[in-house]
> 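Below: one structure in C-alpha cells.
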Amino acid sequence: QLQLVESGGGLVQPGGSLRLSCAASGFFLYYYAIGWFRQAPGKEREGVSCISSSGGITNHASSVKGRFTISRDNAKNTVYLQMNSLKPEDTAVYYCAAIYRDQPVCLMRDYDYSIWGQGTQVTVSS
C-alpha cells in the first residue's frame, strides 16, 4: 500500500529547530508533488510548504517563510521540512501529503492531495 510516515517532531523551546522527515513506502516519490500541512487544536488545516516532483519549484506560507525550508531526496524516497526559529504559534500536528503529477507543480491546497501521513506532533513551549 502507498504510505507516508512523518517523524522528527517533539517538544522544543522558542527559537529552537526541528527537522521533520516524510518517508514514502509502496511507491516512488520521483513523480509526486509533496506538501507539508499543519493543524492546531480548534483550527483549520493549513498548507505550510510544497515542492514539485523535481524539486525545482517550492513555496512556503507567509507565516513560515524565511524560517522553514522544504527539500527532497528522491534517491532516499524522503521529503524534509527544516524548521528554524520556532515560535509557539507553530505548535501543531504536521502532516505530509503526496499527489502524482507528471508536470512540475507546487500545491498548497489539502484537497489536491490523495496520499497522507499520520502526522507528527510539534510543540513549541518554554
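Because the structure is a prediction, the values reported are computed rather than measured.
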> So, for Gln82 and Leu18, which heavy atoms are closest and what is the spacing to 0.1 Å?
NE2-O, 3.6 Å

> Going by side chain to side chain contact (heavy atoms under 4.5 Å, CB included), name the residues that satisfy it together with Tyr100, two or more places apart in sequence or in a different chain.
Tyr31, Tyr32, Asp102

> By ring pair (Phe, Tyr, Trp, His ring centres under 6.0 Å), which residues pair with Tyr94, not counting sequence neighbours?
none

> Which atom names give the shortest non-hydrogen contact between Ser71 and Val79, and what distance separates them?
O-CG1, 3.2 Å

> Tell me the salt bridge (Lys or Arg N to Asp or Glu O under 4.0 Å) pairs involving residues 109-126, sequence neighbours left out?
Arg45-Asp110, Arg109-Asp112

> If hydrophobic clusters are built from ILVMFWY residues whose side chains come within less than 4.5 Å, do Phe27 and Ile34 share one?
yes

> Sequence neighbours excluded, which residues qualify as side chain to side chain contact (heavy atoms under 4.5 Å, CB included) partners of Gln118?
Val5, Glu6

> Find out whether His60 and Val48 are in side-chain contact, i.e. whether some heavy atom of one side chain is under 4.5 Å from a heavy atom of the other.
no

> Shortest non-hydrogen contact from Ser17 to Ser85?
OG-N, 4.3 Å

> If you look only at pairs with a residue in residues 70-83, which of them pass as a salt bridge (Lys or Arg N to Asp or Glu O under 4.0 Å), with sequence neighbours excluded?
none

> For Arg19, enumerate each residue passing the side-chain hydrogen bond (donor to acceptor under 3.5 Å, both in side chains) test, keeping only those at least two apart in sequence or located in another chain.
none

> Would you mind listing the cluster partners of Val93? Hydrophobic ones only (ILVMFWY), side-chain contacts under 4.5 Å, chaining allowed.
Phe37, Tyr95, Ile99, Val105, Leu107, Tyr113, Trp116

> Which pair of non-hydrogen atoms, one from Arg101 and one from Ser53, has the smallest distance, and what is that distance?
O-OG, 4.1 Å

> Can you name the side chain to side chain contact (heavy atoms under 4.5 Å, CB included) partners of Ala40, sequence neighbours left out?
Lys43, Ala92

> Provide the closest heavy-atom pair for Val122 versus Met83 in the form atom of the first, atom of the second, distance.
CG2-CE, 3.9 Å

> In the structure I gave you, are the side-chain heavy atoms of Leu81 and Thr69 within less than 4.5 Å of one another anywhere?
no

> Give me each pair satisfying salt bridge (Lys or Arg N to Asp or Glu O under 4.0 Å) with a member in residues 117-126, each pair once, sequence neighbours excluded.
none

> For Cys106 and Ile57, work out which heavy atoms get closest and say how close.
CB-CG2, 3.6 Å

> Side chain to side chain contact (heavy atoms under 4.5 Å, CB included) with Ser7: which residues, sequence neighbours excluded?
Ser21

> For Arg38 and Ser49, run side chain to side chain contact (heavy atoms under 4.5 Å, CB included): C-alpha distance rounded to whole Å, both residues' side-chain angles, the deciding distance at 0.1 Å, then the answer.
CA-CA 10 Å; Arg38 67 185 182 186; Ser49 303; over 6 Å; no

> For Arg67, which residues count as a side-chain hydrogen bond (donor to acceptor under 3.5 Å, both in side chains) partner, sequence neighbours excluded?
Asp90

> Please determine whether residues Met108 and Leu29 belong to a single hydrophobic cluster, defined as Ile, Leu, Val, Met, Phe, Trp and Tyr linked transitively by side-chain heavy-atom distances below 4.5 Å.
no

> Can you sort out the partners of Tyr80 under ring pair (Phe, Tyr, Trp, His ring centres under 6.0 Å), two or more places apart, ordered by chain and number?
none

